[in-house]
Amino acid sequence: MSYEKTENLLDLAIWMQSSRDGVAIRDIMDRFDVSRRTAERMRDLILYRFPQAEEAVSDDRKKRWYIPQGTLKDLIQFTAEELSCLHIAKEALIKSHLADKATLLEGIIEKIKASIKHETYRRIEPDAEELMRAEGIACRPGPKIQIAPDIIRPLREAILSCHQVKIRYFNKNSKKTGVNVVDPYGFLYGDRNHYLVAHHSDGYFGDAAHNFILTNIRSVDILPDTFVFPKDFSLKKYAEKSFGVFQEEPAEVEWLFDAETAEEASHYLFHPTQTMTKNKDGTLTVKFTAGGRVEMDWHLYTWGNHVKVIK
(Lines give C-alpha, C1' and ligand atoms only; values in the text may rest on other atoms or scores of the structure.)
Protein backbone atom coordinates (compact mmCIF):
# COMPACT_ATOMS: atom_id res chain seq x y z
CA MET A 1 0.00 0.00 0.00
CA SER A 2 1.40 3.43 -0.98
CA TYR A 3 2.28 6.09 1.58
CA GLU A 4 -0.58 8.30 0.35
CA LYS A 5 -3.14 5.52 0.82
CA THR A 6 -1.83 4.79 4.31
CA GLU A 7 -2.07 8.47 5.20
CA ASN A 8 -5.63 8.60 3.85
CA LEU A 9 -6.62 5.66 6.04
CA LEU A 10 -5.14 7.33 9.11
CA ASP A 11 -6.94 10.56 8.24
CA LEU A 12 -10.18 8.60 7.86
CA ALA A 13 -9.74 6.94 11.24
CA ILE A 14 -9.13 10.31 12.93
CA TRP A 15 -12.13 11.78 11.12
CA MET A 16 -14.34 8.90 12.24
CA GLN A 17 -13.36 9.57 15.85
CA SER A 18 -13.76 13.36 15.65
CA SER A 19 -17.16 13.23 13.93
CA ARG A 20 -20.00 13.06 16.44
CA ASP A 21 -22.50 12.07 13.71
CA GLY A 22 -20.27 9.46 12.08
CA VAL A 23 -18.98 9.19 8.52
CA ALA A 24 -21.03 7.86 5.59
CA ILE A 25 -19.75 6.26 2.38
CA ARG A 26 -20.67 9.38 0.40
CA ASP A 27 -18.65 11.48 2.84
CA ILE A 28 -15.57 9.32 2.20
CA MET A 29 -16.09 9.54 -1.57
CA ASP A 30 -16.29 13.34 -1.49
CA ARG A 31 -13.43 13.97 0.93
CA PHE A 32 -10.89 11.62 -0.67
CA ASP A 33 -12.20 11.90 -4.24
CA VAL A 34 -12.56 8.14 -4.68
CA SER A 35 -15.13 5.77 -6.17
CA ARG A 36 -17.81 4.12 -4.07
CA ARG A 37 -16.00 0.79 -4.20
CA THR A 38 -12.76 2.36 -2.96
CA ALA A 39 -14.64 4.17 -0.22
CA GLU A 40 -16.18 0.91 0.90
CA ARG A 41 -12.75 -0.78 0.99
CA MET A 42 -11.36 2.08 3.06
CA ARG A 43 -14.25 1.76 5.52
CA ASP A 44 -13.82 -2.02 5.72
CA LEU A 45 -10.10 -1.66 6.51
CA ILE A 46 -10.88 0.77 9.32
CA LEU A 47 -13.55 -1.54 10.74
CA TYR A 48 -11.10 -4.45 10.60
CA ARG A 49 -8.29 -2.55 12.33
CA PHE A 50 -10.59 -0.86 14.84
CA PRO A 51 -13.25 -3.35 15.95
CA GLN A 52 -14.42 -0.74 18.49
CA ALA A 53 -15.99 1.19 15.59
CA GLU A 54 -19.77 1.41 15.74
CA GLU A 55 -22.50 1.80 13.15
CA ALA A 56 -25.34 4.31 13.41
CA VAL A 57 -28.25 5.35 11.22
CA SER A 58 -28.69 9.11 10.92
CA ASP A 59 -31.90 11.08 10.52
CA ASP A 60 -31.50 10.94 6.74
CA ARG A 61 -31.46 7.10 7.03
CA LYS A 62 -27.84 6.86 5.90
CA LYS A 63 -25.53 4.39 7.58
CA ARG A 64 -22.62 6.09 9.32
CA TRP A 65 -19.64 4.74 11.23
CA TYR A 66 -17.70 6.29 14.07
CA ILE A 67 -14.84 5.33 16.37
CA PRO A 68 -15.43 5.92 20.12
CA GLN A 69 -13.56 8.79 21.76
CA GLY A 70 -10.11 7.97 23.09
CA THR A 71 -9.49 4.99 20.80
CA LEU A 72 -6.81 6.80 18.77
CA LYS A 73 -5.23 8.82 21.58
CA ASP A 74 -1.78 7.30 20.96
CA LEU A 75 -2.02 7.64 17.17
CA ILE A 76 -3.02 11.29 16.92
CA GLN A 77 0.05 13.49 16.90
CA PHE A 78 0.87 16.86 15.41
CA THR A 79 3.52 17.69 12.84
CA ALA A 80 5.94 20.61 12.77
CA GLU A 81 4.07 21.98 9.75
CA GLU A 82 0.75 21.90 11.61
CA LEU A 83 2.19 23.69 14.64
CA SER A 84 3.82 26.37 12.49
CA CYS A 85 0.52 26.82 10.62
CA LEU A 86 -1.27 27.56 13.89
CA HIS A 87 1.36 30.13 14.90
CA ILE A 88 1.17 31.79 11.48
CA ALA A 89 -2.62 31.92 11.81
CA LYS A 90 -2.20 33.61 15.19
CA GLU A 91 0.10 36.24 13.68
CA ALA A 92 -2.39 36.83 10.87
CA LEU A 93 -5.14 37.46 13.43
CA ILE A 94 -2.94 39.94 15.28
CA LYS A 95 -2.12 41.81 12.06
CA SER A 96 -5.85 41.92 11.28
CA HIS A 97 -6.41 43.49 14.72
CA LEU A 98 -8.37 40.50 15.98
CA ALA A 99 -6.28 40.24 19.13
CA ASP A 100 -9.00 38.52 21.13
CA LYS A 101 -9.20 35.74 18.53
CA ALA A 102 -5.41 35.48 18.57
CA THR A 103 -5.50 35.03 22.35
CA LEU A 104 -8.05 32.22 22.03
CA LEU A 105 -5.91 30.54 19.37
CA GLU A 106 -2.83 30.84 21.59
CA GLY A 107 -4.74 28.94 24.28
CA ILE A 108 -5.56 26.20 21.76
CA ILE A 109 -1.89 26.00 20.76
CA GLU A 110 -0.83 25.57 24.38
CA LYS A 111 -3.38 22.78 24.91
CA ILE A 112 -2.11 21.02 21.79
CA LYS A 113 1.49 21.32 22.97
CA ALA A 114 0.49 19.89 26.34
CA SER A 115 -1.02 16.84 24.63
CA ILE A 116 2.13 16.06 22.62
CA LYS A 117 4.55 13.58 24.15
CA HIS A 118 7.69 15.24 25.47
CA GLU A 119 10.06 13.29 23.22
CA THR A 120 7.96 14.03 20.15
CA TYR A 121 7.74 17.75 20.91
CA ARG A 122 11.52 18.00 21.39
CA ARG A 123 11.95 16.44 17.95
CA ILE A 124 9.50 18.61 16.01
CA GLU A 125 9.96 21.95 17.82
CA PRO A 126 13.11 22.99 15.86
CA ASP A 127 11.39 22.24 12.54
CA ALA A 128 8.28 24.17 13.60
CA GLU A 129 10.37 27.22 14.54
CA GLU A 130 12.24 27.04 11.24
CA LEU A 131 8.99 26.92 9.28
CA MET A 132 7.67 29.94 11.19
CA ARG A 133 10.79 31.89 10.25
CA ALA A 134 10.45 30.84 6.63
CA GLU A 135 6.76 31.70 6.21
CA GLY A 136 5.92 35.31 6.97
CA ILE A 137 2.66 37.21 6.79
CA ALA A 138 2.73 40.24 4.53
CA CYS A 139 1.44 43.36 6.26
CA ARG A 140 -0.50 45.52 3.85
CA PRO A 141 0.12 49.27 4.26
CA GLY A 142 -2.68 51.57 5.23
CA PRO A 143 -4.98 52.15 8.20
CA LYS A 144 -5.97 49.18 10.33
CA ILE A 145 -9.16 48.48 12.25
CA GLN A 146 -8.91 48.54 16.03
CA ILE A 147 -11.84 47.34 18.12
CA ALA A 148 -11.93 47.66 21.90
CA PRO A 149 -12.13 44.32 23.79
CA ASP A 150 -14.92 45.72 26.00
CA ILE A 151 -17.06 45.93 22.86
CA ILE A 152 -16.28 42.49 21.41
CA ARG A 153 -16.44 40.45 24.63
CA PRO A 154 -20.01 41.30 25.73
CA LEU A 155 -21.27 40.97 22.15
CA ARG A 156 -19.75 37.50 21.87
CA GLU A 157 -21.24 36.54 25.24
CA ALA A 158 -24.68 37.79 24.16
CA ILE A 159 -24.47 35.88 20.86
CA LEU A 160 -23.66 32.63 22.67
CA SER A 161 -26.42 33.08 25.25
CA CYS A 162 -29.02 34.60 22.85
CA HIS A 163 -29.45 37.73 24.97
CA GLN A 164 -30.49 41.07 23.59
CA VAL A 165 -28.03 43.95 23.87
CA LYS A 166 -28.36 47.69 24.13
CA ILE A 167 -25.74 49.48 22.07
CA ARG A 168 -24.84 53.14 21.84
CA TYR A 169 -24.13 53.61 18.15
CA PHE A 170 -22.62 56.54 16.27
CA ASN A 171 -24.39 57.22 12.98
CA LYS A 172 -21.84 58.70 10.57
CA ASN A 173 -24.60 60.22 8.41
CA SER A 174 -26.45 62.10 11.14
CA LYS A 175 -23.25 62.56 13.22
CA LYS A 176 -25.30 61.57 16.28
CA THR A 177 -25.04 58.74 18.80
CA GLY A 178 -28.26 56.84 19.44
CA VAL A 179 -29.39 53.82 21.43
CA ASN A 180 -30.41 50.57 19.72
CA VAL A 181 -31.75 47.37 21.27
CA VAL A 182 -30.85 44.47 19.01
CA ASP A 183 -30.67 40.68 18.75
CA PRO A 184 -27.02 39.96 17.90
CA TYR A 185 -26.54 37.21 15.29
CA GLY A 186 -22.80 37.25 14.58
CA PHE A 187 -19.82 39.10 13.08
CA LEU A 188 -18.65 39.81 9.56
CA TYR A 189 -14.98 40.67 9.08
CA GLY A 190 -14.19 42.84 6.06
CA ASP A 191 -11.07 44.48 4.68
CA ARG A 192 -12.15 48.02 5.50
CA ASN A 193 -14.53 47.47 8.42
CA HIS A 194 -15.77 44.73 10.75
CA TYR A 195 -19.50 44.45 11.45
CA LEU A 196 -22.02 43.19 13.97
CA VAL A 197 -24.93 41.50 12.19
CA ALA A 198 -28.05 42.01 14.27
CA HIS A 199 -31.82 42.37 14.16
CA HIS A 200 -33.57 45.43 15.56
CA SER A 201 -35.85 44.20 18.34
CA ASP A 202 -38.37 46.95 17.49
CA GLY A 203 -38.65 45.70 13.92
CA TYR A 204 -37.14 48.88 12.44
CA PHE A 205 -35.88 46.91 9.43
CA GLY A 206 -38.67 44.33 9.55
CA ASP A 207 -37.37 40.78 9.75
CA ALA A 208 -34.14 41.68 7.96
CA ALA A 209 -30.77 41.73 9.67
CA HIS A 210 -28.67 44.88 9.70
CA ASN A 211 -24.93 45.57 9.76
CA PHE A 212 -23.48 47.79 12.51
CA ILE A 213 -19.87 48.95 12.08
CA LEU A 214 -18.07 47.68 15.17
CA THR A 215 -15.84 50.74 15.49
CA ASN A 216 -18.97 52.93 15.65
CA ILE A 217 -20.35 51.07 18.68
CA ARG A 218 -19.56 53.18 21.73
CA SER A 219 -20.83 50.84 24.46
CA VAL A 220 -22.59 47.49 24.93
CA ASP A 221 -24.94 46.39 27.73
CA ILE A 222 -26.27 42.83 27.88
CA LEU A 223 -29.98 42.82 28.68
CA PRO A 224 -31.89 40.14 30.64
CA ASP A 225 -34.28 39.64 27.72
CA THR A 226 -33.51 36.73 25.41
CA PHE A 227 -34.33 36.15 21.76
CA VAL A 228 -34.89 33.11 19.57
CA PHE A 229 -32.32 32.77 16.81
CA PRO A 230 -34.27 32.39 13.53
CA LYS A 231 -33.97 28.88 12.14
CA ASP A 232 -33.95 30.12 8.54
CA PHE A 233 -31.06 32.57 9.08
CA SER A 234 -27.56 31.57 8.00
CA LEU A 235 -24.67 34.01 8.43
CA LYS A 236 -22.87 32.25 5.58
CA LYS A 237 -25.80 32.67 3.19
CA TYR A 238 -26.34 36.23 4.41
CA ALA A 239 -22.72 37.10 3.59
CA GLU A 240 -22.93 35.43 0.17
CA LYS A 241 -25.63 37.88 -0.92
CA SER A 242 -23.00 40.55 -1.38
CA PHE A 243 -19.50 41.17 -2.65
CA GLY A 244 -17.93 41.99 0.70
CA VAL A 245 -20.35 43.01 3.43
CA PHE A 246 -22.58 45.72 1.96
CA GLN A 247 -26.12 44.35 1.81
CA GLU A 248 -28.24 45.36 -1.16
CA GLU A 249 -30.42 43.68 -3.77
CA PRO A 250 -28.25 41.06 -5.54
CA ALA A 251 -27.68 41.51 -9.28
CA GLU A 252 -26.12 39.46 -12.06
CA VAL A 253 -22.44 40.32 -12.41
CA GLU A 254 -20.18 39.55 -15.38
CA TRP A 255 -16.52 40.57 -15.68
CA LEU A 256 -14.21 39.99 -18.64
CA PHE A 257 -10.48 39.74 -17.87
CA ASP A 258 -8.11 40.25 -20.79
CA ALA A 259 -5.70 37.55 -21.98
CA GLU A 260 -2.78 39.14 -20.11
CA THR A 261 -4.35 38.66 -16.66
CA ALA A 262 -6.72 35.75 -17.36
CA GLU A 263 -4.40 33.16 -15.84
CA GLU A 264 -3.89 35.21 -12.68
CA ALA A 265 -7.61 35.95 -12.33
CA SER A 266 -8.47 32.26 -12.72
CA HIS A 267 -6.85 31.58 -9.33
CA TYR A 268 -9.16 34.02 -7.50
CA LEU A 269 -12.38 33.22 -5.70
CA PHE A 270 -14.25 36.46 -6.30
CA HIS A 271 -17.52 35.10 -4.92
CA PRO A 272 -18.79 31.68 -3.73
CA THR A 273 -21.41 31.57 -6.52
CA GLN A 274 -18.97 32.37 -9.33
CA THR A 275 -18.53 30.50 -12.60
CA MET A 276 -15.48 30.91 -14.82
CA THR A 277 -15.22 30.42 -18.58
CA LYS A 278 -11.94 30.45 -20.49
CA ASN A 279 -12.65 31.98 -23.89
CA LYS A 280 -11.00 31.01 -27.19
CA ASP A 281 -9.23 34.38 -27.45
CA GLY A 282 -7.48 33.78 -24.10
CA THR A 283 -9.77 36.03 -22.04
CA LEU A 284 -11.64 34.91 -18.95
CA THR A 285 -15.32 35.49 -18.17
CA VAL A 286 -16.36 35.50 -14.51
CA LYS A 287 -20.03 35.49 -13.52
CA PHE A 288 -21.76 35.56 -10.14
CA THR A 289 -24.80 37.03 -8.41
CA ALA A 290 -24.30 39.50 -5.55
CA GLY A 291 -24.91 42.95 -4.18
CA GLY A 292 -22.23 45.28 -2.85
CA ARG A 293 -21.42 47.35 -5.92
CA VAL A 294 -19.24 49.82 -3.99
CA GLU A 295 -16.92 47.07 -2.78
CA MET A 296 -16.87 45.60 -6.29
CA ASP A 297 -15.68 48.99 -7.56
CA TRP A 298 -12.92 49.13 -4.95
CA HIS A 299 -11.71 45.69 -6.01
CA LEU A 300 -11.99 46.32 -9.75
CA TYR A 301 -9.70 49.36 -9.45
CA THR A 302 -6.87 47.00 -8.43
CA TRP A 303 -7.06 45.31 -11.87
CA GLY A 304 -6.76 48.59 -13.77
CA ASN A 305 -7.78 48.38 -17.43
CA HIS A 306 -7.29 44.60 -17.57
CA VAL A 307 -10.93 43.92 -16.70
CA LYS A 308 -14.12 45.03 -18.41
CA VAL A 309 -17.49 45.13 -16.66
CA ILE A 310 -20.06 43.47 -18.91
CA LYS A 311 -22.81 43.48 -16.26
Side-chain angles (χ1 to χ4, degrees), residues 11 14-15 17-21 69-70 72-73 76-118 120-121 124-125 127-129 131-140 143-165 167 182-198 209 211-223 226-227 229 233-240 244-245:
D11 288 345
I14 294 172
W15 183 22
Q17 179 174 279
S18 65
S19 175
R20 296 297 185 268
D21 298 325
Q69 295 296 307
L72 305 176
K73 62 181 180 180
I76 299 176
Q77 292 297 329
F78 298 90
T79 66
E81 187 175 6
E82 289 168 337
L83 284 179
S84 68
C85 182
L86 288 171
H87 281 286
I88 291 169
K90 184 190 75 173
E91 293 301 317
L93 289 171
I94 293 173
K95 292 183 185 298
S96 298
H97 291 276
L98 296 173
D100 61 320
K101 292 286 189 182
T103 301
L104 290 174
L105 184 54
E106 178 63 31
I108 294 173
I109 293 172
E110 291 303 320
K111 290 176 182 178
I112 289 174
K113 287 181 178 179
S115 69
I116 300 175
K117 293 181 179 179
H118 181 65
T120 304
Y121 185 71
I124 68 174
E125 184 182 23
D127 290 340
E129 291 179 352
L131 285 171
M132 282 186 283
R133 284 194 292 268
E135 300 183 33
I137 300 294
C139 184
R140 287 180 294 180
K144 301 295 182 181
I145 305 165
Q146 298 191 63
I147 305 167
D150 58 354
I151 297 296
I152 285 290
R153 288 193 188 112
L155 286 175
R156 185 171 290 128
E157 180 182 341
I159 290 170
L160 290 174
S161 61
C162 287
H163 273 77
Q164 292 183 337
V165 293
I167 61 174
V182 300
D183 306 336
Y185 288 170
F187 301 108
L188 284 180
Y189 299 109
D191 288 334
R192 301 177 64 204
N193 280 306
H194 300 331
Y195 301 83
L196 168 69
V197 180
N211 293 348
F212 295 87
I213 300 174
L214 285 174
T215 51
N216 287 354
I217 298 177
R218 300 296 184 248
S219 66
V220 177
D221 293 309
I222 301 177
L223 301 177
T226 60
F227 67 93
F229 193 91
F233 181 83
S234 164
L235 191 62
K236 180 177 181 292
K237 292 180 179 179
Y238 176 79
E240 287 178 356
V245 295

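Since the structure is predicted, the reported quantities are computational estimates derived from the model, not experimental observations.
- Residues Val197 and Phe233 have side chains in contact (heavy-atom distance under 4.5 Å, counting atoms from C-beta outward).
- Residue Leu188 holds its CG atom at 9.0 Å from OH of Tyr195, rounded to the nearest 0.5 Å.
- Distance check, rounded to the nearest 0.5 Å: CG of Asp150 to CG of Leu155 gives 10.0 Å.
- With sequence neighbours left out, the ring pair (Phe, Tyr, Trp, His ring centres under 6.0 Å) criterion links Phe187 to no other residue.
- Residues satisfying the salt bridge (charged side-chain N to carboxylate O under 4.0 Å, His left out) criterion with Arg156, sequence neighbours excluded, are Asp100.
- Residues satisfying the side-chain contact (heavy atoms from CB on, under 4.5 Å) test with Thr103, not counting sequence neighbours, are none.
- Atom OH in Tyr185 sits 9.5 Å away from atom SG in Cys162 (nearest 0.5 Å).
- For Glu157, there are no salt bridge (charged side-chain N to carboxylate O under 4.0 Å, His left out) partners, not counting sequence neighbours.
- For Ser219, the side-chain contact (heavy atoms from CB on, under 4.5 Å) partners at least two apart in sequence or on another chain are Arg168.
- For the pairing with His163, the side-chain contact (heavy atoms from CB on, under 4.5 Å) check across Ile222, Asp183, Leu223 returns one residue only, Ile222.
- Annotation: the span from Ile152 atom CD1 to Leu214 atom CG amounts to 5.0 Å, rounded to 0.5 Å.
- Closest heavy-atom contact between Pro184 and Leu196: CB-CD1, 4.0 Å.
- Checked against side-chain contact (heavy atoms from CB on, under 4.5 Å), Leu105 has the following partners two or more places apart in sequence or in another chain: Leu86, Ala89, Lys90, Leu93, Ile108, Ile109.
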